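Computed from a predicted model, the values in this text were never measured in an experiment. Residue numbers start from 1 in every chain, and the chains themselves are labelled A, B, ... in the order their sequence lines are given, proteins ahead of strands.
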2 protein chains.
Amino acid sequence: MKLNTELENMILHFGEMGSRWGFNRTVGQMLALLVFSDEPLSADDIAASLSISRGNVSMALKELHSWRLIRTHREPGDRKDYFLANGTIWELSQQVLEERKKREVDPTLSMLRSQLMASEQDAMPHHARQQMQEIHDLLELFNHWFDDMQHMKPEHLQALMRLGSGVGKVLEMTDRLRPKTKKKAIGND
Amino acid sequence: MKLNTELENMILHFGEMGSRWGFNRTVGQMLALLVFSDEPLSADDIAASLSISRGNVSMALKELHSWRLIRTHREPGDRKDYFLANGTIWELSQQVLEERKKREVDPTLSMLRSQLMASEQDAMPHHARQQMQEIHDLLELFNHWFDDMQHMKPEHLQALMRLGSGVGKVLEMTDRLRPKTKKKAIGND
DNA sequence: CTAAACTTTCAGAAAATACTGAAACTTCAA
DNA sequence: TTGAAGTTTCAGTATTTTCTGAAAGTTTAG
């Protein structure tokens, strides 16, 4: 795979950003390379394109697999593994967010949960306990919301995002229509 | 500030998570300490509580300021600076997300933007260009949505999150009611 | 102005993280 | 069963990031 300068810049950029996105430079570069390539690449292709060691490529492939961002393709009659991005940009983004939630939110949530459980009767200062509860509740809210969003159809989710804060307006309206009742009450046109 | 074991564990946890959240261990620990403390703390208090050097505390305070996560309080007749968390848990979270967006999304968006601008007539492979466009559009959508959300009243935003994917249902309904018209059309009960 | 009280800076040390390349391992065609 | 083709592992090295502590800087009471 021969890279033109623009493409190479973009790949280097993804490498730089990698660490901010939760993985390392090599993983970032390889993800970019595979996303921008229109055909699956072998580990040797990748090592050559990015001028990195074969071992490093192997590690990074493992990491990318563990994030479910790539998949392996095998040609019949060829022993080599070929790798490609595991879905559309939208799907890859979802995957990254999902994985980052697991690493950045879930551990703290479970720590807070057990702490708030265990310490019913102990000597935690009042304000600290209260703050922990707030963080806990916020993370829990976020988690449920995030789960819900992930299960929406992409086109609905996209429409919703495009609507932006407009959604607030719409909901206020419907709220005024049905101050405490079930959705069905809306459909009476 | 004397810390009981539970609190100390939580602070250590925030330190560990720090790097995943976009800052370093010391910054994470200090943020936790100030969030859980019910009174402002001096730099020396912090250094002592966390057993870290005074210089490190100074660096981390600068970082926390730059994220707008803390503010400085001065007692009249006391030369020391005292530091405290800059708002509620909700406000702090918003601040963290805002800052992370700046660091994790904006640079890539502007890189993509200039790349897609500049390369109208150049030799970028078609598939690569297309993928860049997709990433660009997704990040732009995300950015607008995020901005919009940040300008919503917290209680509205929270209500919206609690609604989760239920919002999709509600919107489908209203859509059926007013297939292309202005909001006012809803109010006709 | 002076100097005590306090804060920041920054060069070098320490710690954490990432990368290389050679050896070990696996797979499969013959 | 063998060995060529391919992949993974991991000890050692390189790089990056973070932390320390002493020196430089700042502020203010007297």
Inset, instruction - Check whether any side-chain nitrogen or oxygen of Ser58(B) sits under 4.0 Å from OP1 or OP2 of dT9(C), and answer yes or no. - result: no

Inset, instruction - Would you kindly compare Asp81(B) and Arg25(A) by the position of their nearest DNA chain C nucleotide and give the one closer to the 5′ end? - result: Asp81(B)

Inset, instruction - Between protein and nucleotides 25-30 of chain D, map the contacts as a letter string: B base, S sugar-phosphate only, - none, heavy atoms under 4.0 Å, written 5' to 3'. - result: --BBS-

Sequence neighbours left out, cut at 3.5 Å: what donor-acceptor pairs do the side chains of residues 14-33 of chain A make with other protein atoms?
residue, atom, partner, partner atom, Å
Arg20(A), NH1, Arg103(B), O, 2.8
Trp21(A), NE1, Glu104(B), O, 2.8
Asn24(A), OD1, Thr26(A), N, 3.1
Asn24(A), OD1, Val27(A), N, 2.9
Thr26(A), OG1, Asn56(A), ND2, 3.0

Legend entry - Distance below 4.0 Å between Lys62(B) side-chain N/O and dT9(C) OP1 or OP2: yes

Legend entry - Expected output: side-chain Asn86(A) to main-chain Leu69(A) donor-acceptor under 3.5 Å: no

Legend entry - Distance-only polar pair, side chains of Gln133(A) and Asp137(A), donor-acceptor under 3.5 Å: yes

Inset, instruction - Select base, sugar-phosphate, or nothing to describe what Ser42(B) touches, counting heavy atoms under 4.0 Å on all strands. - result: nothing

Legend entry - dC19(C) phosphate, OP1 or OP2, under 4.0 Å from Thr26(A) side-chain N/O: yes

Legend entry - side chain to side chain contact (heavy atoms under 4.5 Å, CB included) involving Gln150(A) - partner list, sequence neighbours excluded: Gln94(A), Glu98(A), Phe146(A)

Legend entry - Charged N-O contact under 4.0 Å between Glu140(B) and Arg113(B): yes

Legend entry - Any donor-acceptor N or O pair under 3.5 Å, side chains His127(B), Ser37(A): no

Inset, instruction - Enumerate the residue pairs fulfilling ring-ring contact (aromatic ring centres under 6.0 Å, His included) with a member in residues 75-115 of chain A, sequence neighbours excluded, ordered by first and then second residue. - result: none

Inset, instruction - Determine: side-chain N/O of Asn24(A) to OP1/OP2 of dC19(C), distance under 4.0 Å, yes or no. - result: yes

Legend entry - For Arg54(A), salt bridge (charged side-chain N to carboxylate O under 4.0 Å, His left out) partners two or more places apart: Asp44(A)

Inset, instruction - Enumerate the residues from residues 50-57 of chain B whose closest heavy atom to DNA chain C is under 4.0 Å, giving them by residue number; use none for an empty result. - result: Arg54(B), Gly55(B)

